[in-house]
Amino acid sequence: MNAHDNSNRTIVEIHILETTAAGNLNRDDTGSPKTVEYGGVTRARVSSQAWKRPTREAFGELLDPRDLGVRTKRVVELLRGRILEQAPQSDGELATKVAESILSDGAGIKLAKPRAKKNAAGDAGDEMQQSGYLLFMGNRQYDRLADIAVEALSQDDPVKFVKSEKKRIKQIVADDRSIDVALFGRMVADSTDLNVDAAAQVAHAISVQAVDAESDFFTAVDDVKQDSDDESDAGAAMIGQIEFNAATYYRYANVDANRLNDTLGDAVVTAKAVAAFVHAFITSMPKGKINTFAQGTLPDLVVVNIRDTQAVNLVGAFQKPVEPDYVRHATEALVLREKEFDDSYGITPLNTWVVRVGDATEGAEGPNGLVERRSTLRQMLDGIETTVVRRLSGQSDQSTAQTGIQES
């Protein structure tokens, strides 16, 4: 029996063990791979922001771009472009003025000229105004604001018309149902009624073992110089060094499907959004120094739970750093931690899926594991989508029992 009566809650957890290649996935201000002290030893660390970015970029291949947002300071430029797409015969300067009015007078977003770049040529005063922060807003919102702008351009006083439509403009921005905005949230300091609470949480990834950074000394050779007759110079035109590490990471994220549904307003769309987030988070990789290290990998182990109680980060399984064989011992520690939490706190998941590769992760399935049989990624995503839409729609969830392969 669960500790809390939260039968209507639907929280999706993602637990991942992933062994990366040597690389510098996420560096600090000195260029070194980020670290954290945990369990008395130094661990490799990748910040949540570093993994959110490639996750969000992956949405472009999984979802309709019209259902996604754009995060930028160059909001006037973007809206002006949409206006001129709809009304290409319009005067460019007037389109800029109307775009500024819609965003500033209508939506209440503070705009200002960008700082002049050092040694920049040209007149900085010609640059369009920008928001003072990265504004995350949906593509459909920009299109609807452009509709108003086109109406305004047909009036004798476009700016006066925009100001008269302030309530409608504000409502368009507030009604943002972009999937990535709903997942990651939006904070507008100038106009808090435009804020969107994030439905997803992403933890910093940390290594399950103690990790020390190493340094790679490198040279770059001048091709022409190398072929010269000067034997005293081998052709090295540049020398340098870069720090890197390699580790098995524990990665964790969760999605509150109920909160996401509150924003998106459609159970089917919400379920697809949850499945897309899970897919993107599992398969994404930070791109720091990727051309130097080609660190693209996929997880050794993925465990996805659906709970009706609360989200649970299982990082404590690795408070004591694991010893080689890292993946095997990390799998055993993760399975043990979840079972102990489920038994002690009465938070057994409603559904669990396991996707795994290699013999080292075999402890996650079978009679002593978390599921009877592993799933493929596709089977897991289909099962998540089916379960989430059923729960959000108030339908019976009995046919997707906790077996590992559900509704493939």
Quick one, [X] and [Y] - any side-chain contact, counting heavy atoms below 4.5 Å?
{"X": "L111", "Y": "V75", "value": "yes"}
{"X": "V371", "Y": "W353", "value": "no"}
{"X": "D67", "Y": "R140", "value": "yes"}
{"X": "R27", "Y": "P33", "value": "no"}
{"X": "Y38", "Y": "V315", "value": "yes"}
{"X": "N139", "Y": "S178", "value": "no"}
{"X": "D212", "Y": "N245", "value": "no"}
{"X": "P349", "Y": "I306", "value": "no"}

Return yes if some donor-acceptor pair links the side-chain N/O of [X] with the main-chain N/O of [Y] below 3.5 Å, else return no.
{"X": "N24", "Y": "G31", "result": "yes"}
{"X": "D216", "Y": "I242", "result": "no"}
{"X": "S207", "Y": "Q209", "result": "yes"}
{"X": "E243", "Y": "T30", "result": "no"}
{"X": "N258", "Y": "T10", "result": "yes"}
{"X": "T386", "Y": "D382", "result": "yes"}
{"X": "E13", "Y": "V303", "result": "no"}
{"X": "E365", "Y": "R374", "result": "yes"}
{"X": "K113", "Y": "E127", "result": "yes"}
{"X": "R177", "Y": "L264", "result": "yes"}

Could I get the full list of side-chain contact (heavy atoms from CB on, under 4.5 Å) partners for [X], not counting sequence neighbours?
{"X": "Q86", "answer": "A146, D147, V150"}
{"X": "A152", "answer": "V98, P158, F161, V162"}
{"X": "D300", "answer": "T19, V327, T361"}
{"X": "S47", "answer": "N26, K34, R45, Q49, A50, H204"}

Closest heavy-atom pair and its distance - [X], [Y]:
{"X": "T309", "Y": "I11", "answer": "O-CD1, 4.1 Å"}
{"X": "A95", "Y": "L84", "answer": "CB-CD2, 3.9 Å"}
{"X": "S90", "Y": "L153", "answer": "OG-CD1, 3.5 Å"}
{"X": "G106", "Y": "I169", "answer": "C-CG2, 3.7 Å"}
{"X": "Q130", "Y": "R74", "answer": "NE2-CG, 3.7 Å"}
{"X": "G316", "Y": "R337", "answer": "CA-NH2, 3.6 Å"}

Exercise for the section: Tell me, with the steps shown, if L25 and W51 meet side chain to side chain contact (heavy atoms under 4.5 Å, CB included). Expected result: CA-CA 9 Å; L25 278 66; W51 231 299; 4.3 Å; yes

Assess whether a salt bridge exists between [X] and [Y], defined as any Lys/Arg side-chain N lying under 4.0 Å from an Asp/Glu carboxylate O.
{"X": "E57", "Y": "R53", "answer": "yes"}
{"X": "K272", "Y": "E385", "answer": "yes"}
{"X": "D359", "Y": "R328", "answer": "no"}
{"X": "R307", "Y": "D342", "answer": "yes"}
{"X": "R82", "Y": "D143", "answer": "yes"}

Mind checking the [atom1]-[atom2] spacing from [X] to [Y]? Nearest 0.5 Å is all I need.
{"X": "S104", "Y": "K163", "atom1": "OG", "atom2": "NZ", "answer": "9.0 Å"}
{"X": "E151", "Y": "E165", "atom1": "CD", "atom2": "CD", "answer": "6.5 Å"}
{"X": "L145", "Y": "I102", "atom1": "CG", "atom2": "CD1", "answer": "6.0 Å"}
{"X": "T331", "Y": "L301", "atom1": "OG1", "atom2": "CG", "answer": "5.0 Å"}
{"X": "H329", "Y": "T248", "atom1": "NE2", "atom2": "OG1", "answer": "12.0 Å"}
{"X": "T270", "Y": "R391", "atom1": "OG1", "atom2": "CZ", "answer": "14.0 Å"}

Problem - From CA spacing to verdict: side chain to side chain contact (heavy atoms under 4.5 Å, CB included), M137, L78 - result: CA-CA 11 Å; M137 190 162 70; L78 182 55; over 6 Å; no

Problem - Residues, nucleotides or ligands: over 12 heavy atoms within 6.0 Å of K339 NZ - result: yes

Handout entry: Other residues, nucleotides, ligands: >12 heavy atoms within 6.0 Å of Q241 CD
Key = no

Exercise for the section: Write out all pairs satisfying side chain to side chain donor-acceptor pair (under 3.5 Å) with one or both partners inside residues 181-201, taking only residues at least two apart or from two chains. Expected result: Y133-D190, K170-S191, D176-R186, S191-D193, Q201-N254

Exercise for the section: Would you sort out whether T55 and S284 count as a side-chain hydrogen bond (donor to acceptor under 3.5 Å, both in side chains), showing the intermediate values? Expected result: CA-CA 6 Å; T55 298; S284 61; 3.2 Å; yes

Problem - Pairs satisfying ring pair (Phe, Tyr, Trp, His ring centres under 6.0 Å), at least one member in residues 242-267, at least two apart - result: H15-Y252, F244-F293, Y250-F318

Practice task
Would you sort out whether Q295 and I290 count as a side chain to side chain contact (heavy atoms under 4.5 Å, CB included), showing the intermediate values?
Solution key: CA-CA 6 Å; Q295 68 262 18; I290 195 165; 3.8 Å; yes

Practice task
Tell me, with the steps shown, if L377 and H279 meet side chain to side chain contact (heavy atoms under 4.5 Å, CB included).
Solution key: CA-CA 8 Å; L377 177 62; H279 189 174; 4.0 Å; yes

